[in-house]
Amino acid sequence: MEATVAVVAVSVLLGGLLLLLALLGRRTRSEDEQDLSAEKANGEAAQEKLPTKKPKLQKLRKEKTQQHNFTHPLLAASLKAHSGNVTCLDFSSNGKYLASCSDDRTVRIWSTKDFLDREHRSMRANVELDHATHVRFSPDCRAFIVFLANGETIRVFKMTKKEDGFTFSATSEDFAKRHKAPIINIGIAETGKFIMTASSDTTILIWDLKGEVLASINTNQMNNAYAAVSPCGRFVASCGFTPDVKVWEVCFGKQGEFREVSRAFDLKGHSAGVYGFAFSNDSRRMATVSKDGTWKLWDTDVEYKKQQDPYLLYTGKISVSDPCRIALSPDARVLAISSISDITVFSTLTGAVEEEFHSVHGDVITDLLFDINNRFLVSAGDRAVRVFHNTAGYRAAIADMKDMLKKATNKGTKDRLQKQINDAQSALDAVCKNRN
């Protein structure tokens, strides 16, 4: 019996020792593995990790950007249909429509007769697989062109009239890609003879309507800040790093064939680079704004082929920052200049500040122009298009016509001027009544 107890005791003792040795061996292997793992990590060796259960991630709700709110007594309308920032505006030559393009891949066509209504309807043209940075109506208002942001070329859209608006269809082929730098503007001549594209290097291209390049212009201005086609369709102008504006005539033969691009004249007088310029509707006046803190009004109705230079009519002062836009009313009586998101309106007759609009858009102003009937000033900058009453234009027109009335000797002329004065005064009174 005692022998049996001794055997059991020895067995238990041996089992305990074996268990203790096993535990010590497992701990040693675990520490060695940790040391090895740490050594590999410090040595930047790839270490395959054991799969772990990933924590469940909550989807973050994408917050919609708040629309910038702006109010002003002279604000006639805010056109809101785009879901992206509006990059360019253009009025049709008949004054009936306004085109706006946006980075939301659409072009919107607005009816100007709806500007004063509560509701503002628009017709939408989709820009497939791209978006437009610039838009321009054709002279006959049966088409418009856009410049594609990604495709970096021109696309033509045909407009087909229907009972309640238009249908839009893009042509089968876009223009070839020719520019090597970003585009700053495009244009179509009112004559329908050519299309212009200008890039931020020193290049301006003149195209025919089928997409063939007729001429390439090197502006030699270090870089182009702005370029445009004159409303008369004869000239192309550019400005940039140098303190002048260069103007060329695009010449065609009697049969409509392209001949050449020849230098017409320069606008010289600024002491620093020119931000931008604008034409009056008849192309007989031009306005410029410069980094030197001045704007200038020019008489460009000159015989440049006889070496006659444009006349400087007025110089005004303004504090501006880039980006800066300039617009000249069709009759050249009013000038509007934007700086970042503010707009200042001047009388070109006196140089006086007529109106000031601050923080018009939630982003920098991308475009600024008057309608061809001289009733509205429109701007783009965020997702909305702002439409302002051109009260400065009414006041300037009334003052100008009163001076003409004093000098008139013919009864028919006097009656016509008096009627125009009365109509303009009635329109101004209606706006001012709403303002008060």
Side-chain angles (χ1 to χ4, degrees), residues 68-80 89 91 95-96 98 110-120 278 280-281 285 287 295 297 314 316-318 325-339 341-361 365 367-381 384-408 414-436:
H68 177 71
N69 290 322
F70 172 81
T71 58
H72 193 279
L74 294 184
L75 183 65
S78 289
L79 309 181
K80 300 177 181 179
L89 303 170
F91 280 104
K96 293 182 178 181
L98 172 69
W110 310 81
S111 174
T112 56
K113 70 179 182 181
D114 297 339
F115 280 179
L116 299 182
D117 294 344
R118 185 178 295 272
E119 299 293 330
H120 307 109
S280 62
N281 201 45
R285 297 287 187 272
W295 60 265
L297 181 70
Y314 195 91
K317 293 183 178 181
I318 184 172
R325 297 279 177 175
I326 183 171
L328 186 61
S329 64
D331 58 11
R333 293 182 176 122
V334 178
L335 178 71
I337 297 174
S338 69
S339 177
S341 60
D342 300 333
I343 301 173
T344 307
V345 180
F346 297 89
S347 165
T348 60
L349 303 177
T350 64
V353 174
E354 294 285 336
E355 303 289 352
E356 289 182 293
F357 309 112
H358 298 288
S359 300
V360 177
H361 294 277
I365 292 175
D367 214 348
L368 183 70
L369 66 159
F370 289 91
D371 77 306
I372 66 166
N373 296 314
N374 214 31
R375 296 177 61 200
F376 302 107
L377 171 68
V378 298
S379 66
V385 177
R386 309 290 186 203
V387 182
F388 295 93
H389 290 288
N390 183 19
T391 52
Y394 287 125
R395 289 193 292 267
I398 291 169
D400 203 14
M401 288 187 291
K402 284 182 176 179
D403 288 340
M404 294 169 64
L405 182 61
K406 292 178 182 178
K407 299 175 183 177
K414 288 183 177 181
D415 292 342
R416 176 176 56 82
L417 285 170
Q418 188 60 59
K419 184 179 185 307
Q420 291 176 343
I421 291 171
N422 293 340
D423 291 344
Q425 188 64 54
S426 297
L428 179 62
D429 290 343
V431 174
C432 292
K433 182 179 179 182
N434 293 331
R435 183 175 187 174
N436 298 329

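Worth knowing before you read on, the calculation uses all heavy atoms, side chains too, and leaves out hydrogens, waters and symmetry mates.
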Checklist entry - Once you round to the nearest 0.5 Å, how far does OG1 of T344 lie from CD of E356? => result 5.0 Å

Item to check | side-chain contact (heavy atoms from CB on, under 4.5 Å) between F388 and I343, intermediate numbers included | outcome: CA-CA 11 Å; F388 295 93; I343 301 173; 4.3 Å; yes

Next on the checklist: Run R333 and E354 through salt bridge (charged side-chain N to carboxylate O under 4.0 Å, His left out) and show every step you take.
Outcome noted: CA-CA 12 Å; R333 293 182 176 122; E354 294 285 336; over 6 Å; no

Next on the checklist: As an exercise, state the distance from CD1 of I421 to CE of M404, rounded to the nearest 0.5 Å.
Outcome noted: 9.0 Å

Next on the checklist: Contact between T391 and L428 at the side-chain level, heavy atoms closer than 4.5 Å - yes or no?
Outcome noted: yes

Checklist outcome for this item: Smallest heavy-atom separation, F370 atom then F91 atom, equals O-CD1, 3.7 Å

Checklist entry - Which value, rounded to the nearest 0.5 Å, describes the distance between D371 atom CG and S329 atom OG? => result 10.0 Å

Item to check | Minimum side-chain heavy-atom gap L98-F115 below 4.5 Å | outcome: yes

Next on the checklist: Looking at every heavy atom in both G95 and T112, which two are closest together, and how far apart are they?
Outcome noted: O-OG1, 2.8 Å

Item to check | Gap between atom CG of N374 and atom CG of D331 - 0.5 Å precision | outcome: 4.0 Å

Next on the checklist: For W295 and F346, take the angle between the two ring planes, folded into 0 to 90°, and tell me which bin it lands in: parallel under 30, tilted 30 to 60, perpendicular over 60.
Outcome noted: tilted

Checklist entry - Just by distance, do the side chain of D367 and the backbone of A380 share a donor-acceptor pair under 3.5 Å? => result no

Checklist outcome for this item: Distance col, row L335:CG vs I337:CD1, nearest 0.5 angstrom, shows 4.5 Å

Checklist outcome for this item: Across all chains, not counting sequence neighbours, the salt bridge (charged side-chain N to carboxylate O under 4.0 Å, His left out) partners of K419 are D423

Next on the checklist: Taking the side chain as everything from C-beta on, heavy atoms only, tell me whether R375 gets closer than 4.5 Å to N390.
Outcome noted: no

Item to check | Non-hydrogen atoms of V387 and V378 that approach each other most closely | outcome: CG2-CG1, 3.9 Å

Checklist entry - Tell me, do I398 and R395 make a side-chain contact under 4.5 Å, heavy atoms counted? => result no

Next on the checklist: Just so I know, are the side chains of Q418 and L405 near enough to count as touching, which here means a heavy-atom distance under 4.5 Å?
Outcome noted: yes

Next on the checklist: Would you say that W110 contacts L89 through its side chain, given a criterion of any heavy-atom pair below 4.5 Å between the two side chains?
Outcome noted: no

Checklist outcome for this item: In short, L368 meets S338 closest at the heavy-atom pair CD2-N, 3.8 Å

Item to check | Shortest non-hydrogen contact between Y314 and T350, atoms and distance | outcome: OH-O, 2.7 Å

Next on the checklist: Checking D415 now: which residues fulfil salt bridge (charged side-chain N to carboxylate O under 4.0 Å, His left out) with it, not counting sequence neighbours?
Outcome noted: K411

Item to check | Taking every non-hydrogen atom, the tightest pair across S359 and F70 | outcome: O-CD1, 3.4 Å

Item to check | Approximate separation, where rounding is to 0.5 Å, of L377 CG and H389 NE2 | outcome: 12.0 Å

Next on the checklist: Please evaluate residues R386 and L75 with respect to the criterion side-chain contact (heavy atoms from CB on, under 4.5 Å), reporting the C-alpha separation (whole Å), side-chain torsions for both, the decisive distance (0.1 Å), and the verdict.
Outcome noted: CA-CA 7 Å; R386 309 290 186 203; L75 183 65; 4.0 Å; yes

